[in-house]
Number of protein chains: 2
Amino acid sequence: MQDNITKILKAIADPKRREIFHALVIASSALSITQISGQFDISRQGVTKHIKTLETAGLVGITSKGRERFCTADAKPLKQITEWVRFYEQFWDTTLKDLGDYLDSK
Amino acid sequence: MQDNITKILKAIADPKRREIFHALVIASSALSITQISGQFDISRQGVTKHIKTLETAGLVGITSKGRERFCTADAKPLKQITEWVRFYEQFWDTTLKDLGDYLDSK
DNA sequence: AAGTTATGCAACTATTAGGTTGCTAATATA
DNA sequence: TATATTAGCAACCTAATAGTTGCATAACTT
């Protein structure tokens, strides 16, 4: 499909998925698909799809118990995002003023 | 359209846009659209679209000089991602084992 | 002035994404 | 056993994305 960091970024790039992920993170216990969809204004199937995307990115773990599927968040993959961003921290103070300076010098 | 963090995350969720952004960050000077498209295997228009997405996210600044449009990267919006992730750092060590424990206790 | 270069804009195609509904299977409960 | 509940799967719709080509325009060059 695509590389890991892309999967993770795409997973959290969707606002509804960020909401679902957040709900799972702060939940005191694992939540079933039905429990999750009760908290959001989309259908159960819609939630299932989002969960699948999050699971593929490693951000959600699922364990079946009887007919239910319990989901928990796993924040660890977010480390990869932090690592990706870290390289660019050194450029945070490179303002766009530099572009103007460069162009003026031409 | 959508909120800022979503724009930023969507912008960098695409691998080609990350490549373009990276090329602009490490470039010693501002690059024109044509110069950028010379480095990638997509058309100039394709690059223009990606640049527009990056610009909308605040990750690229553009200044026109004559008929050319010079682009520079601006890493600052990435701070917002770091801030978003920061909240979840406290959960990095909450492993999926907790899910198993929870289910066993039921 | 004529030609070349840099770019934007519009239209089009193909693929992916977000979301839905309907149906089936498996598990729990009465 | 009959019924409720939980959920997966498949099909479908619509909107958004990534990419293309063609054309028009503005700005340099000769």
Side-chain angles (χ1 to χ4, degrees), chain A residues 1-3 5-24 27 29-57 59-72 99 102-103 106, chain B residues 1-3 6-21 23-24 27 29-57 59-72 99 102-103 106:
Chain A
M1 181 205 185
Q2 42 199 1
D3 64 4
I5 182 93
T6 301
K7 279 188 225 163
I8 299 167
L9 287 169
K10 287 206 167 153
I12 63 162
D14 183 84
K16 193 129 308 180
R17 273 195 297 268
R18 281 203 303 283
E19 280 183 56
I20 292 173
F21 176 71
H22 189 80
L24 287 173
S29 62
L31 299 178
S32 71
I33 301 287
T34 300
Q35 284 173 325
I36 297 167
S37 49
Q39 296 186 229
F40 298 94
D41 58 346
I42 57 176
S43 69
R44 181 176 55 78
Q45 269 70 7
V47 170
T48 297
K49 282 196 179 184
H50 282 312
I51 288 289
K52 197 161 291 176
T53 303
L54 288 165
E55 190 196 13
T56 304
L59 290 163
V60 161
I62 305 179
T63 302
S64 297
K65 181 100 175 179
R67 65 186 162 181
E68 288 169 294
R69 277 156 53 80
F70 289 96
C71 308
T72 38
L99 170 59
Y102 164 72
L103 291 171
K106 286 197 72 176
Chain B
M1 181 204 183
Q2 44 197 3
D3 64 4
T6 301
K7 280 188 222 163
I8 298 166
L9 286 169
K10 286 207 166 150
I12 64 160
D14 183 85
K16 195 131 303 179
R17 273 195 296 271
R18 282 203 303 282
E19 281 183 54
I20 292 173
F21 176 71
L24 287 174
S29 63
L31 299 177
S32 71
I33 301 288
T34 302
Q35 284 173 323
I36 296 167
S37 49
Q39 295 185 228
F40 298 94
D41 58 346
I42 56 175
S43 69
R44 182 177 54 76
Q45 269 70 5
V47 170
T48 297
K49 284 196 178 183
H50 282 312
I51 288 290
K52 196 160 296 176
T53 303
L54 289 165
E55 191 196 10
T56 304
L59 290 163
V60 160
I62 306 179
T63 302
S64 297
K65 181 101 176 181
R67 64 185 161 180
E68 288 168 294
R69 279 158 49 82
F70 288 96
C71 309
T72 39
L99 171 59
Y102 164 72
L103 291 171
K106 286 197 74 176

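Side chains are part of it too, since the values below use all heavy atoms of this structure and drop only hydrogens, waters and symmetry mates. Labels below follow one simple rule: chain letters A, B, ... track the order of the sequence lines, proteins then strands, and each chain is numbered from 1.
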Contact nearer the 5' end of DNA chain C, comparing A:Met1 with B:Gln35: B:Gln35

Rounded distance (Å) that lies between atom C1' of D:dT29 and atom CD of B:Glu68: 13 Å

Strand partner of D:dT14, provided both Watson-Crick or wobble distances fall under 3.5 Å: C:dA17

B:Thr34: side-chain contact (heavy atoms from CB on, under 4.5 Å) partners, not counting sequence neighbours: B:Ser32, B:Arg44

Dump every N/O contact between nucleotides 9-15 of chain C and the protein below 3.5 Å, one line per pair.
| residue | atom | partner | partner atom | Å |
| --- | --- | --- | --- | --- |
| C:dC9 | N4 | B:Gln45 | NE2 | 2.8 |

Closest to the B:Ile42 side chain, choosing from D:dG19, C:dG18, C:dT20: D:dG19

With B:Lys16 via salt bridge (charged side-chain N to carboxylate O under 4.0 Å, His left out) - residues at least two apart: B:Asp41

Touch class at under 4.0 angstrom, heavy-atom based, for B:Thr53 against every strand present: nothing

Whole angstrom value for the distance that separates P of C:dA6 from CD1 of B:Ile62: 17 Å

Candidate pair B:Ile42 and B:His50, rule side chain to side chain contact (heavy atoms under 4.5 Å, CB included), full reasoning: CA-CA 11 Å; B:Ile42 56 175; B:His50 282 312; 3.7 Å; yes

Between protein and nucleotides 2-5 of chain C, what N or O pairs are separated by less than 3.5 Å?
| residue | atom | partner | partner atom | Å |
| --- | --- | --- | --- | --- |
| C:dT5 | O2 | B:Arg67 | NH1 | 2.6 |

Where A:Lys7 and A:Ala57 come nearest, the two heavy atoms and their spacing: O-CB, 3.8 Å

Length of the line joining B:Ile51:CD1 and C:dA6:C1', which is rounded to integer Å: 14 Å

Minimum-distance nucleotide to A:Gln2 side chain [options: D:dA7, C:dA17, C:dG19]: C:dA17

B:Lys16 side-chain proximity, nearest of D:dG19, C:dG18, C:dT20: D:dG19

B:Cys71 versus B:Ile62, closest heavy-atom pair with distance: SG-CG1, 4.2 Å

Sole candidate of B:Thr72, B:Leu59, B:Ile51 that passes side chain to side chain contact (heavy atoms under 4.5 Å, CB included) when paired with B:Leu24: B:Ile51

N/O (side chain, A:Ser32) to phosphate O (OP1/OP2, D:dT6) under 4.0 Å: no

Whole-Å gap separating C1' (D:dA7) and CG (A:Leu31): 16 Å

Under-4.0 Å side-chain N/O to phosphate OP1/OP2 contact, A:Ser43 with C:dT20: yes

Given DNA chain C, 5'-ward residue of the pair B:Thr48 and A:Arg17, judged by closest heavy atom: B:Thr48

Phosphate-side-chain proximity, A:His50 and C:dG19, N/O vs OP1/OP2 below 4.0 Å: yes

Close side-chain approach of A:Leu54 and A:Arg17, heavy atoms under 4.5 Å: yes

Sugar-phosphate only, base, or nothing, as touched by A:Gly66 at under 4.0 Å among non-hydrogen atoms: sugar-phosphate

Sugar-phosphate only, base, or nothing, as touched by A:Thr34 at under 4.0 Å among non-hydrogen atoms: sugar-phosphate

For A:Gln39, side-chain contact (heavy atoms from CB on, under 4.5 Å) partners two or more places apart: A:Ala23, A:Leu31

Closest non-hydrogen atom pair between A:Val47 and A:Ser37, with its separation: CG2-CB, 3.5 Å

Under the side-chain hydrogen bond (donor to acceptor under 3.5 Å, both in side chains) test, residues paired with A:Thr6 that sit two or more places apart: A:Asp3, B:Arg18

